[in-house]
Amino acid sequence: MDLLIQFAPTTGLAGLTWGNAIMIVVGLVFITLAIVKDYEPLLLVPIGFGIVVGNIPYSDGMPLGVYDEGSVLYYLYFGVSQGVFPPLIFLGIGAMTDFSTMLSNPKLVLLGAAAQMGIFLTIIGALALDFTPLEAGAIGIIGGADGPTAIFLAAKLAPHLLGAIAVAAYSYMALVPVIQPPIMKLLTTEAERKIHMKAPRQVSRRERILFPICAFLICAMIAPGSIALLGMLFLGNLLKESGVTERLAESARHALIDIVTILLGLSVGASTQASTFLTPQSLLIFGLGAVSFMIATASGVLFAKFMNLFLKDKINPLVGAAGVSAVPDSARVVQMIGRQTDPSNFLLMQAMAPNVAGVIGSAIAAGVLWSVLVL
Amino acid sequence: MDLLIQFAPTTGLAGLTWGNAIMIVVGLVFITLAIVKDYEPLLLVPIGFGIVVGNIPYSDGMPLGVYDEGSVLYYLYFGVSQGVFPPLIFLGIGAMTDFSTMLSNPKLVLLGAAAQMGIFLTIIGALALDFTPLEAGAIGIIGGADGPTAIFLAAKLAPHLLGAIAVAAYSYMALVPVIQPPIMKLLTTEAERKIHMKAPRQVSRRERILFPICAFLICAMIAPGSIALLGMLFLGNLLKESGVTERLAESARHALIDIVTILLGLSVGASTQASTFLTPQSLLIFGLGAVSFMIATASGVLFAKFMNLFLKDKINPLVGAAGVSAVPDSARVVQMIGRQTDPSNFLLMQAMAPNVAGVIGSAIAAGVLWSVLVL
Amino acid sequence: MDLLIQFAPTTGLAGLTWGNAIMIVVGLVFITLAIVKDYEPLLLVPIGFGIVVGNIPYSDGMPLGVYDEGSVLYYLYFGVSQGVFPPLIFLGIGAMTDFSTMLSNPKLVLLGAAAQMGIFLTIIGALALDFTPLEAGAIGIIGGADGPTAIFLAAKLAPHLLGAIAVAAYSYMALVPVIQPPIMKLLTTEAERKIHMKAPRQVSRRERILFPICAFLICAMIAPGSIALLGMLFLGNLLKESGVTERLAESARHALIDIVTILLGLSVGASTQASTFLTPQSLLIFGLGAVSFMIATASGVLFAKFMNLFLKDKINPLVGAAGVSAVPDSARVVQMIGRQTDPSNFLLMQAMAPNVAGVIGSAIAAGVLWSVLVL
Amino acid sequence: MHSILALSWQNVVDGNGVPLALTGLAIVFSGLVLIAVFIAALPRLLQQWDRLMAPRPDPAAAPTPAAPESADPATASPVVQAALAWVAVRELEVFRLGDQQRLTLQSHRRSGMWRAIPSLRDIDPSD
Amino acid sequence: MHSILALSWQNVVDGNGVPLALTGLAIVFSGLVLIAVFIAALPRLLQQWDRLMAPRPDPAAAPTPAAPESADPATASPVVQAALAWVAVRELEVFRLGDQQRLTLQSHRRSGMWRAIPSLRDIDPSD
Amino acid sequence: MHSILALSWQNVVDGNGVPLALTGLAIVFSGLVLIAVFIAALPRLLQQWDRLMAPRPDPAAAPTPAAPESADPATASPVVQAALAWVAVRELEVFRLGDQQRLTLQSHRRSGMWRAIPSLRDIDPSD
Ligand code: NA
Ligand code: NA
Ligand code: NA
């Protein structure tokens, strides 16, 4: 009986705080959204379950949590905190990404650059809200709309905010179909939304092979801080396109990325223990993240309109919104809004160009921020 | 010539002890049983080969063994000694387990609890035989008939006994078709063995999705020490049942669990070096393990008979023997014994319910033992 | 503006040395050879890309390279520097290797031993060129024509030369179709090249199951230093041949080996930073490596001719060249040269026997060198 | 070996053996009893949830549409499944990801970003 | 919550916010502009390379043979691909690696050492 | 570069080069000779084992039944294998593990616990 009494305080129920309960509900909401709404389920299910796991209370003496040296979650989280998992995910993404649409639409690449404005304006906002420069850099990258990039940079610049930044980034990526449409409609006229664009040309195999190598060299020479992410992205793509390493690409885009995604999602989710997560800072981060996504969307759309001033073949400015990355959801949103105005207007292929360019753009931004802020 | 003479003592033959030779034969027996008798081959082949590898003698200066820092086996064994591999295996098992039969037979869940009696009575036996409480807890868990659970708890409570406990657990799991039948026949009448049970009802997809989430919350609140194992088990199951993360479940139940199984089996096997393994303690552990399996089987059967005192729809008490887990071998044994008495009696589906409940039960037991004994 | 100026020196271009530029070109040549000539693409593409990645200059303060503690490449390279990746690759190779041709041609196994002469004569050469005994041993193993074996031994004996040794080993393995033919033609008469050999006999499943176990025991007893490599090779083969562990073999030969190959290739390539790689030593290592491959080829051919003095069923001496391993390229070269002389002479099956024997032979050699040189 | 088999009840008492066993068993039982109660109640809870949600026409509120579970192919007999599979082989979209890749069958349900990316080159804009 | 939303421009100035943002954006743009320029120029560069290489009869000099890209099955319509896949199923070499292994389709293109090894037992010497 | 190519025999002597090489080669040879002897003797050893076991009617004593190896599909010609595979596609139990999962062919040989679990929902009780 004594033992039962001694055991009681070690149970989860005994230590449950309101914060834990709230976070567990948040985790359940994530899982529900993923299953019912099909919002980024591959990430929201593991992250949501991780949030639940991370908010089960336990006694101090037992190493169970992400931050307890020697626990299982500690070892899994090691891949997050040391920035190893994001590049591995990029390897898999590279091995599944087809850059053809981008190769056939070079000028749309600029839209992927414009949308990174969200990152840098958010940094200014975060500084104004009294975050340190390192923290501001890590918060700004939420606007890159790339989970692995955000986790990688947050791990380097502000590990104590990693959980909030990662959860904010994935939340808004999942909410892209909710956040982007009003902004896109606000900033475009109906005539603009009706612009049809030429079908992309056929891209040769040689172009697809040379692209990852040369693009890597360009990015690496400009921002070496991005090589961990972009080296993996372009290596994965080279494995896919080379034609002689298909079996490696196959394993990178299936077994490797799946396993790493489960472990990353679970451990990132589990890092949101209420005691460290439920702070005013986290709320600010979520607010800044939302602003960041909106600025990024608006920048992409407006830059497309700006480019149209100089172009003969006009760009449909909706396509600019795909520059935020959040592959491929924001490209889908572009297609959807385009067809709402003109059901015969198919913009998906064109939207994929700024979409993948946005991935490269935010990885470069991460590299720049890392070297400028750390050195 | 001098060098050849200098090399001679570094060869394996030179250092071979009787103990090594015996252990190598044990390893070969494991492999033979796996191949010829098809006893748990996925684990007995790697473990058996590991026992052979771990008993090749080598010079002291060369880091080759599981316990030599910097050796290859040391790094592989790290996943065992830190308890990382068992949860990963549970992730894969969750991604392949179908809890439907259990969901449609809630009362059979109790049989999975009753069979854990084997764990706790064995602890008393181990204490009586002069093992410390920590050791006794680790030995008792053999009766849970779950390899990963046994390895996980042994790594936490009594790492020095891990090899013996793991080998005992897997040996007896492989021997379930030999150990259980006599006990089952002894404790049941022919009339009882002839009891037919209703076919399980259809289970809806929503039930299958909600189950892993809610069952996790229940278990975690009661015994947080079990979240490393059960968090992974139920996450894997959620990935399988959610319908939107099938590719993650697929990789968890194939690439991940296969790779981890090979590495776990090999390194657990290799941890059985004769010098540390061939001790009277190991013999006692094997003895206690056998007793543990017998008590677990008997408890399951007897508890089913006890439940029948209160039930209108009688349970076939054979089904209680499946509560020991050893998935799915003990459920197969139930089916086999059932049909020996009445060839038209198919109990496999019903036996799967206590079978998977037993997995949950022994993981809870591990969590309880960990928190009570370590704190 | 100040920041832009402050950023400028952190860019890759600013720090680019001639050495880096040369190495980047070398990396691009590797990739080109792999894609255009199909030379060992599974390794040359990741290594070549790794060479490019490893020679992107970056500021001192940023941990990006293989040798910077805490960087992503540092963690990936850990598997190389600690010798963990090569055994894992051997596990996968074992799970795909069919030893049948060897089992049906026991005497051809000796050719796999003879070709290891390249290893040991090269050690003498390396000593003469003023390398230390440890370095000489690591350099000699290039002649084993086995990438994982070379990396494993170099990591143990001379980690500072690992990059050069690994790149040399894989380069020459890729160049086997260029290096071997002239030597093979020089050392054989046309009559010898026309010798037909008997078709190998059928090998029973039992033989294929018993072989990996017994061969492991033989090798391990003679040279325990080889168990890390050969234990994995034969375990993989046992998983393949046992007939009851096919799913483990499947994952070992697909997901596991593919993932490890990408990570090993990338990080080995990235370890060739110009500052440590472009040294006279590296040139000597490449020279010695070439000599090593030639000696190995010649030894195999000449030993076959020597064996013919005593044999009734003559061996086609070309088959001896396959003893260097470089599986299966050197066996293909044998087939090709054989058919050049007599288009009806198919030697591939016979050449596979010394080919896989050569893998075992060089792993034994690595074990011997490790224990003799380290103890 | 019999000499070391000396059982000592004192050790059990010192090690708190009996309370430990009882506590442990009690907790294991309580956990599994709660699970049993939960899964026994689950079908009724779901029914009530459906009744609560039915008047509201919002289709998103229900966690999943009340699918005709009896048609679930996973629960049909192996023979029916084999037939279904056969039809699937012929009818479903078959596509190749790369040059040397094995053929895969792709169901029409999307599953997030990764499944979508590789097929973008082939994507039918009228999708 | 509004109380902590006090925006301070001084913090931005102290943190070098504006130059940081401008620098960052400039570098991101220069990177992607260079990539855009490169991929815009790439087709013409390849054409010139082909012209340079054409007189030389060495087939190895060209990075890849000028394959008829339009016939690339990966770019054909899903229907054509489905048909191609169907033919592949019937025509390509089908072989089993082991007793319990799933059937795989093997294209004729070799991809280095690993693909070759498992098939050695079945190898046709006239290959 | 020729200047650093100065060969020094003294280094070889100091480094024990020659005995090292001879020892190493001797051990490599002894290892592979033993393997060669073993695999040469293996068929006869197995024959004798079978003869020893034959009188005893216990079928479990023989490591594997003397299977008709010549019928092993893995050693048949690719054409025969293709045909076998074709039949397999039609005849073997085809089942689906989940909603979106690729079809797999399942041979009748069980391989331990994992293969069994996913099929439990579909299991035929008369199995
Ligand atoms: Na982006
Ligand atoms: Na159990
Ligand atoms: Na070799």
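Convention: sequence-line order gives letters A, B, ...; per-chain numbering from 1. These numbers were taken from a predicted model, which means no experiment stands behind them.
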Q) Is it true that C/E246 and C/R253 have a side-chain N and a carboxylate O under 4.0 angstrom from each other? A)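 Yes, this pair counts.
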
Q: Calculate, to the nearest 0.5 Å, the distance between atoms NE2 and CD1 belonging to C/H254 and B/I259 respectively.
A: 12.0 Å

Q: Quick one: pull up CD1 in C/I262 and CD1 in C/I257 and give me the separation to the nearest 0.5 Å.
A: 11.5 Å

[X], part contacting chain C, at a heavy-atom distance under 4.5 Å:
| X | result |
| --- | --- |
| B/L256 | neither |
| B/L263 | side chain |
| B/A255 | both |

Q: Report the option among C/I213, C/L88, C/L235, C/L217 that has the most heavy-atom pairs separated by less than 4.5 Å from atoms of chain B.
A: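 So the answer, after comparing C/I213, C/L88, C/L235, C/L217, is C/L235.
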
**Q.** C/T245 side-chain N/O to C/L248 backbone N/O, donor-acceptor pair under 3.5 Å
**A.**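 Judged by distance alone, no pair lies under 3.5 Å.
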
Given a strict heavy-atom distance threshold of 4.5 Å, which part of [X] is in contact with chain B: side chain, backbone, both, or neither?
| X | result |
| --- | --- |
| C/L238 | side chain |
| C/I227 | side chain |
| C/F78 | side chain |

Q.
What verdict does the side-chain contact (heavy atoms from CB on, under 4.5 Å) test give for B/S267 and B/Y75, after you've listed the backbone C-alpha separation in whole Å, the side-chain angles of each residue and the deciding distance to 0.1 Å?
A. CA-CA 9 Å; B/S267 56; B/Y75 289 112; over 6 Å; no

Q) So C/F216 and C/F234, would you call those rings parallel, tilted or perpendicular, with 30° and 60° as cut-offs? A)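 Because their plane-to-plane angle is over 60°, the rings of C/F216 and C/F234 count as perpendicular.
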
